[in-house]
Amino acid sequence: MHNVALQALGLDWVYVPFEVAPENAGAAVESIRALGLIGVNVTVPLKELVLPYLDAIDDAAAQIGSVNTIHHENGRLTGYSTDGAGFLQSLESAGQAVSGREVYVLGAGGSARAVAWAMASRGSRCRIANRTQAKSEALAASINQVYPGKASAALWGAETEPFDLLVNTTTLGMQPHIGERPMLPPGAFSDKPFVCDLIYAPAQTRLLASAEAAGCRTMNGVGMLVYQGAISLSLWTGRPLSEMPTAAMEQAVWAGLSNP
Ligand code: NAP
């Protein structure tokens, strides 16, 4: 996805994977400066471990306590979290509003934090249900400190107020949980919410299949994947998001998924 984008942008850059052991997080971040890299993405479990080695982080990263993007400018390293903004962009590109929504978020891990903070920042209200309830309560409490009344913890699988957007951020539905589905509140699909699953492999999870069978419109995680990457590229290149070749990036993702 990234190399297709770099080529389309006419940049003589290359995007390569590095496998970094958690105990090497600090050394890996220092090497960005030493090697003169423009930037990196980081994934689990490095998203939190790299924080102490950065010079600055953006608001989204501070709110959710992790980064997925580092930008290097003249020896200074800034961390960003583009997952939440990527999710918002993917919703908008599916013709969905991001403001004023009643959202039911399944999960309270890293991606749930990104989604719930991003939706609350646009004035939507999130009810967060997680298997481990203490985590959904902690997430709702932290959001409410900044956006009062915009988040609450819901009981996993229990009756809840109506919602018009359902987002699965749990790993239920992907390897090794293919064929599984998170616990839903009773009548979850009766108001025909727009149903999102952040999972992109498989392209259609059991949750999305059930939602479609119940007449709901759905979206998988490919759009979020593409847009969080496009936002990172926009940060590294200093060019606007609208110039990022998201259609070509999405095509590259689908090609990779069908031929892993
Ligand atoms: P994470 O921080 O590890 O959180 C995992 C979540 O799944 C937690 O809420 C956890 O609940 C829940 N969970 C795990 N196993 C469960 C089970 N057996 N029953 C019920 N709940 C269970 O992971 P993450 O980083 O948020 O990623 C979660 C998913 O989002 C992954 O599928 C990932 O691929 C996807 N994702 C997609 C994108 C994208 O761009 N499309 C970006 C980021 C993530 P507990 O708290 O109870 O353990």
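Both ligands and their constituent atoms are indexed starting at 1 by order of listing. Keep in mind that what you see is a predicted model, and the values were worked out from it rather than measured.
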- Message: Working to the nearest 0.5 angstrom, can you tell me the gap between Arg206 CZ and Ile178 CD1?
- Response: 13.0 Å
- Query: Judging by distance only, is a nitrogen or oxygen of Leu225 under 3.5 angstrom from one on ligand 1?
  - Reply: yes
- Query: N/O to N/O below 3.5 Å, does that happen between Thr132 and ligand 1?
  - Reply: yes
- Query: Phe87: heavy atom below 4.0 Å from ligand 1, yes or no?
  - Reply: no
- Pick one of side chain, backbone, both or neither for how Asn130 approaches ligand 1, counting any non-hydrogen atom pair under 4.0 Å. side chain
- Taking atom CZ of Arg217 as the centre, does the number of heavy atoms from other residues, nucleotides or ligands within less than 6.0 Å exceed 12? no
- Item | atom 7 (O) of ligand 1: any protein heavy atom closer than 4.0 Å | yes
- Minimum heavy-atom distance Met1-Val226, with the two atoms named: SD-CA, 3.9 Å
- Identify the closest protein heavy atom to atom 14 (C) of ligand 1: which residue and atom is it, and at what distance? Thr171 OG1, 3.2 Å
- Query: To the nearest 0.5 Å, how far apart are CG in Leu106 and CZ in Arg131?
  - Reply: 12.5 Å
- Does the side chain of Thr218 reach to within under 4.5 Å of the side chain of Asp197, using non-hydrogen atoms? no
- Query: Among Leu198, Thr82, Val253, Thr169, which residue places a heavy atom closest to atom 29 (C) of ligand 1?
  - Reply: Thr169
- Mark up the atoms of ligand 1 that fall under 4.0 Å of a heavy atom belonging to Gly107, in ascending order. 9 (O)
- Tell me: protein heavy atom nearest atom 12 (C) of ligand 1, and distance? Thr170 CB, 3.8 Å
- Hey, what do you get for CG (Leu88) to CE (Met119), rounding to the nearest 0.5 Å? 6.5 Å
- Proximal ligand 1 atoms for Gly110, defined as those under 4.0 Å from one of its heavy atoms: 2 (O), 26 (O)
- How far is atom 30 (O) of ligand 1 from its nearest protein heavy atom, and which residue and atom name does that atom have? Ser111 OG, 3.5 Å
- Message: Quick check on contacts: which atoms of ligand 1 are under 4.0 angstrom from a heavy atom of Gly221?
- Response: 39 (C), 41 (N)
- Only one of Thr82, Asn41, Thr43 forms a side chain to side chain donor-acceptor pair (under 3.5 Å) with Asn68, so which one is it? Thr82
- Task: Could you check whether the rings of Trp117 and Tyr147 sit parallel, tilted or perpendicular, using 30° and 60° as the cut-offs?
- Result: perpendicular
- Separation between OG1 of Thr160 and CD of Glu102, rounded to the nearest 0.5 Å: 9.5 Å
- Would you say Asp83 and ligand 1 have an N/O pair spaced under 3.5 Å apart? no
- Message: Quick test: of every protein heavy atom, which one is nearest to atom 42 (C) of ligand 1, and how far off is it to 0.1 Å?
- Response: Met224 CE, 3.7 Å
- Task: Consider every N or O of Tyr200 and every N or O of ligand 1, then say whether any pair is closer than 3.5 Å.
- Result: no
- Under 3.5 Å between some N or O of ligand 1 and some N or O of Val44? no
- Item | Distance from atom 18 (N) of ligand 1 to nearest protein heavy atom, with residue and atom | Arg131 NH1, 3.2 Å
- For residues Val4 and Gln7, determine if any side-chain heavy atom of one lies less than 4.5 Å from a side-chain heavy atom of the other. no
- Item | Proximal ligand 1 atoms for Ile199, defined as those under 4.0 Å from one of its heavy atoms | 32 (O)
- Item | Nearest neighbour in protein (non-hydrogen) for atom 4 (O) of ligand 1 | Gly109 CA, 3.5 Å
- Side chains of Val195 and Leu208: closer than 4.5 Å at any heavy-atom pair? yes
- Which is it for Lys135 and ligand 1 at heavy atoms under 4.0 Å: side chain, backbone, both or neither? side chain
- Task: Check ligand 1 against Trp156 and write out every atom of the ligand that is under 4.0 Å from a heavy-atom position of the residue.
- Result: 20 (C)
- Ile32 side, atom CD1; Phe18 side, atom CZ - distance, nearest 0.5 Å: 9.5 Å
- Query: Any idea which atoms of ligand 1 are less than 4.0 Å away from a heavy-atom of Ala108?
  - Reply: 9 (O)
- Task: Mind checking the OH-CG spacing from Tyr80 to Leu235? Nearest 0.5 Å is all I need.
- Result: 5.5 Å
- Looking at ligand 1, does any of its N/O atoms fall within less than 3.5 Å of an N/O of Leu172? no
- Kindly identify the option in Arg113, Gln228, Met174, Glu180 whose heavy atom sits closest to atom 32 (O) of ligand 1. Met174
- Message: Quick one, Cys196 and Leu91 - any side-chain contact, counting heavy atoms below 4.5 Å?
- Response: yes
